[in-house]
Amino acid sequence: MSDKTFYATTPIFYVNAEPHIGHAYTTILVDVVTRYHRLKGDDTFFLTGTDEHGEKIQKAADAAGISPQAYTDQISSKFRSTWDDLGIRYDEFIRTTEERHKKTVNEILQTVYDKGDIIFGEYGGLYCIGCERYLTEKELVDGKCKDHDTVPEYRSEENYFFRMEKYRPWLIEYIEDNPDFIRPERYRNEVLGILREPIGDLSISRPKDRVPWGIPLPWDDNHVTYVWFDALINYYSALESQGTTERYWPAVNHFIAKDILKPHGVFWPTMLKSAGLPIYKHLNVHGYWQTDTGKMSKSKGNVVRPLDLKDKYGNDAFRYYLLKDMSFGLDSTFGELGLAERVNADLANDLGNLLNRTLGMLNKYFDSVVPESAEPTEADNELLTSFKALPADIDVFFEKLQFDRGIERIMESVRLSNRYIAETKPWELAKDESKKERLGTVLYNCVEALRCAAIALSPVIPDKSLELLAQLGLGDNYTIEGAGNWGLSYAGTKTQAGTPLFPRIDMDELRASVEADVATGDTNMSDETTAIATGEAVSAETEEVTGIVHKDEVTIDDFAKLEFRVAEIVACENHPKADKLLVLSVKLADEERTIVSGIREWYDAEDLVGKKVIIVANLKPVKLRGILSQGMIMAAEDADGNLAVSALDKDIASGSEVR
RNA sequence: GGCGAUAUAGCUCAGCUGGUUAGAGCGCACGACUCAUAAUCGUGAGGUCGACGGUUCAAGUCCGUCUAUCGCUACCA
């Protein structure tokens, strides 16, 4: 038994969507890591949960005609049942709507507030609209923002801010002093990159009258906590509520996908620092599974979803593929063919078949009873050495989060076992009664090899490992030391062959069916590759709202304040200092104006010349990257980010007013 | 535009502080074997180590420039 502790977390997932491959990967990953540590005898704790507050939830619940609580109950339980289906063995499932969580959020908010690290927006100061934050005196040049060349305005916002910027120098130093704090290194560098520039203060509240579905600030009931000070704290509140903070917090390992690096790598440590709490131990960041989604199938709603494949191929095969085919930190491509190939090569051919051929020979030569082993000979040495070194070897990889390589190391020993059989040729030994003892030794070694491999793989394929051990006549009581401890199988044990662990997948058949799907567009294997963010969590802000959200009603007088006019584009060129902006010269009758517009992604400069568009003519001019823009071109943008500029039905004189 | 990461056999990736003929797994081809899930075992095919230039007795491995991909960040009135 080790005296180490290990506390691992997944993000808490936002309940406005059902679980997908991204959520699943992070959670499976943490499950594997936690199982591994448990196998080593560590005192482990595995936390997952759901993030349930915010405007989006409120709206979704309204739309569904039920209370937010009922709505979140529904979705949250869907996450739970998905994890159960996937064989996830979490220790605790936290929901941000639980009292225990709110209690800790309140305590931390109050602590940070009392410390003076939370300021009210009205406190405000010089706010640069372009920067979307308050500026310090040092950042002003001639009283203007040096980035935008505009005079910042005095602003009083109805918002509370966490004084995060204050902790920037500390955080930089902390990350530099602790090389393993954020890993892999690429993400550590990325955070350091973010910290090179001011990070500003963090808005942490929303007015309660607008967003009632949240945790009220302890000192001001008119505001609720917004996102981060609510969601991130779950990692801590879960322990607080159980009184296990001292036991587990020092060993906390967060696992996230790269899309939420900033909140976890920047916001969270500064929050902890301000609250006077110990900083978490490791932030482990993984990449995305790129999934192929066809447009047509998407709209038809018949996409073969990755999570469906776990039903088709089984949980353990699914988990094995996810762990083996991704280098931690990098992106990988998810595909059914890849999964099938992986399962065939490693699990069916190498491991599953090793079990079958061993059991087959035991049955044939020893009546399915594990034989006595004589002293190992020279010929057995390589096999024994490989397995004895296995636990230490995989530990090096797993500790470095190199799960693919750790698993590969196990498979190396498995493949060696197959070679061992080819070299010792038990079927020939069986023909000579005088070699019976040697035959027994060889098969005993095969049983041992399988036992050790099954234990080493058990964090990844827990169910199949148990099945394998059961077929060998062994129970489920094992530790990682057992994986390298040769000779724990007992002669005389009755083995019982069962169904193949991992049935071989017919690749020709699968390819044919995939091709047929491609032909009909009924597939997820098209060439249009879309990145699906994994671990889409604590990021309510970026979530889509379905349906159109209307703005407040205006009167005709309000509308009359705006001046829309037809403008003819007479010249257009790329903005020299910005790569998303176009600089257009437009004519309103005889008047010529310059307008800077961010439509370069959709229009080439030359294509626009000669077109007539509708502009907002009385918008206050503003400098964009050094060029004064005297108006705004009207354009429509859809939910997918496609954009089209306004066009007129008939030709009409430029300068005409639009009403 | 700024910052960063990545670019090695068909595919996925190893190659630490520079040093004999650049490695692994998968896939593929051929051969062997028969205990086994047409599984296994052996052999092989020869990749200008993204491009160009430089440092060095010696560079995939260091420096510079460039290109491509990805990410973060600023601009999208």
Side-chain angles (χ1 to χ4, degrees), chain A residues 129-132 147-148 184-197 199 258-259 261-262 265 287-288 290 324-327 329-333 335 337-338 341-342 344-365 402 404-405 407-409 411-412 415-430 439 442-443 446 497 499-507 531 575-582 595-602 615-616 619-627 629-635 637 643:
Chain A
I129 299 170
C131 297
E132 288 185 340
D147 288 337
H148 299 86
E185 198 180 357
R186 51 194 303 147
Y187 297 109
R188 173 178 182 260
N189 290 338
E190 206 155 289
V191 171
L192 284 172
I194 293 171
L195 293 173
R196 263 195 290 275
E197 287 168 33
I199 50 178
K258 63 184 182 181
D259 59 328
L261 176 62
K262 191 173 176 180
Y288 295 156
Q290 309 279 139
K324 181 70 169 61
D325 273 30
M326 174 176 270
S327 302
L330 301 177
D331 292 356
S332 285
T333 304
L337 289 174
E341 275 172 5
R342 181 94 273 149
N344 273 351
D346 291 5
L347 298 179
N349 296 351
D350 287 347
L351 180 67
N353 184 50
L354 176 63
L355 174 66
N356 273 29
R357 63 197 304 204
T358 300
L359 292 177
M361 287 189 281
L362 278 176
N363 178 43
K364 201 170 282 186
Y365 309 138
Q402 295 173 332
D404 55 332
R405 299 179 67 182
I407 292 170
E408 179 58 25
R409 172 61 186 84
M411 291 315 296
E412 211 173 85
R415 277 182 227 112
L416 179 61
S417 308
N418 277 317
R419 201 183 319 146
Y420 173 76
I421 294 177
E423 281 163 4
T424 53
K425 297 187 174 61
W427 52 92
E428 279 184 13
L429 296 174
L439 175 62
V442 167
L443 289 183
C446 292
T499 50
L501 286 182
F502 298 95
R504 194 179 154 73
I505 301 155
D506 187 327
M507 291 306 291
H575 192 301
K577 285 188 184 172
D579 58 5
K580 285 190 182 170
L581 303 183
L582 286 176
I595 291 180
V596 180
S597 181
I599 56 175
R600 188 148 143 201
E601 199 177 319
W602 300 274
I615 68 163
V616 183
L619 204 60
K620 186 178 174 185
V622 65
K623 259 194 185 177
L624 290 174
R625 287 263 149 182
I627 295 181
S629 180
Q630 305 159 299
M632 175 168 102
I633 292 185
M634 302 199 65
E637 184 174 9
L643 186 140

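Chain A is the first sequence line, chain B the second, and so forth, proteins listed ahead of strands; every chain is numbered from 1. FYI, side chains are in, hydrogens and waters are out, and symmetry mates aren't considered; it's all heavy atoms of this structure. All values derive from a computational prediction rather than experimental measurement.
Residues A:Gln402 and A:Asp404 have side chains in contact (heavy-atom distance under 4.5 Å, counting atoms from C-beta outward).
Which of B:A5, B:U37, B:C13 sits closest to the side chain of A:Ser327 comes down to B:C13.
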With 3.5 Å as the limit, what N/O pairs link the protein to nucleotides 8-10 of chain B?
none

Between N or O atoms, less than 3.5 Å apart, protein on one side and nucleotides 26-36 of chain B on the other: list the pairs.
from	atom 1	to	atom 2	distance (Å)
B:C35	O3'	A:Lys364	NZ	3.4
B:C35	O2'	A:Arg357	O	3.4
B:C35	O2	A:Arg357	NE	3.2
B:C35	N3	A:Arg357	NE	3.3
B:C35	N3	A:Arg357	NH2	2.6
B:C35	N4	A:Arg357	NH2	3.0
B:A36	O2'	A:Asn353	OD1	2.5
B:A36	N1	A:Arg357	NH2	3.4
B:A36	N3	A:Asn353	ND2	3.1
B:A36	N3	A:Arg357	NE	3.3

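Comparing the P positions of B:U40 and B:A59 gives a spacing of 41 Å, expressed to the nearest Å. With both ends at atom C1', the span from B:C62 to B:G18 equals 7 Å, rounded to whole Å. Nucleotides B:G47 and B:A14 have their C1' atoms positioned 15 Å apart, rounded to a whole Å.
By the salt bridge (charged side-chain N to carboxylate O under 4.0 Å, His left out) test, A:Asp506 pairs with no residue at all, sequence neighbours left out. Taking the side-chain hydrogen bond (donor to acceptor under 3.5 Å, both in side chains) definition, one finds that A:Tyr365 meets it with nothing, sequence neighbours left out. Residues satisfying the side chain to side chain contact (heavy atoms under 4.5 Å, CB included) test with A:Arg186, not counting sequence neighbours, are A:Pro184, A:Leu330. With sequence neighbours excluded, the residues forming a salt bridge (charged side-chain N to carboxylate O under 4.0 Å, His left out) with A:Arg342 are A:Asp325, A:Asp346, listed by chain and number. For A:Lys262, the side chain to side chain contact (heavy atoms under 4.5 Å, CB included) partners two or more places apart in sequence, or in a different chain, are A:Ile194, A:Val266, A:Phe267. For A:Arg196, the salt bridge (charged side-chain N to carboxylate O under 4.0 Å, His left out) criterion is met by no residue, not counting sequence neighbours. In this structure, the side chain to side chain contact (heavy atoms under 4.5 Å, CB included) partners of A:Glu341, at least two apart in sequence or on a different chain, are A:Met507, A:Arg511. In this view, A:Asn189 and A:Glu185 satisfy the side chain to side chain contact (heavy atoms under 4.5 Å, CB included) rule, not counting sequence neighbours.
At a threshold of 4.0 angstrom between heavy atoms, the contacts of A:Phe502 include nucleobase atoms, whether or not backbone atoms are also involved. Looking at heavy-atom distances under 4.0 Å, A:Glu423 makes no contact with the nucleic acid at all. Base engagement by A:Leu501 is indicated by at least one non-hydrogen atom pair under 4.0 Å involving a base atom.
Listed pair A:Arg419 / B:G42 meets the phosphate criterion, a side-chain N or O lying under 4.0 Å from OP1 or OP2.
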Return a table of donor-acceptor pairs under 3.5 angstrom between the side chains of residues 348-361 of chain A and protein atoms on other chains or two or more places apart.
from	atom 1	to	atom 2	distance (Å)
A:Asn349	OD1	A:Arg504	NH1	2.9
A:Asn349	ND2	A:Asn344	O	3.4
A:Asp350	OD2	A:Arg415	NE	3.4
A:Arg357	NH1	A:Asn418	OD1	2.8
A:Thr358	OG1	A:Leu354	O	2.7

Let me have RNA chain B in dot-bracket notation, would you? Count Watson-Crick plus G-U wobble pairs, both distances under 3.5 Å, and use [ ] for pairs crossing earlier ones and | for inter-strand partners.
(((((((..((((.....[...)))).(((((.......))))).....(((((..]....))))))))))))....
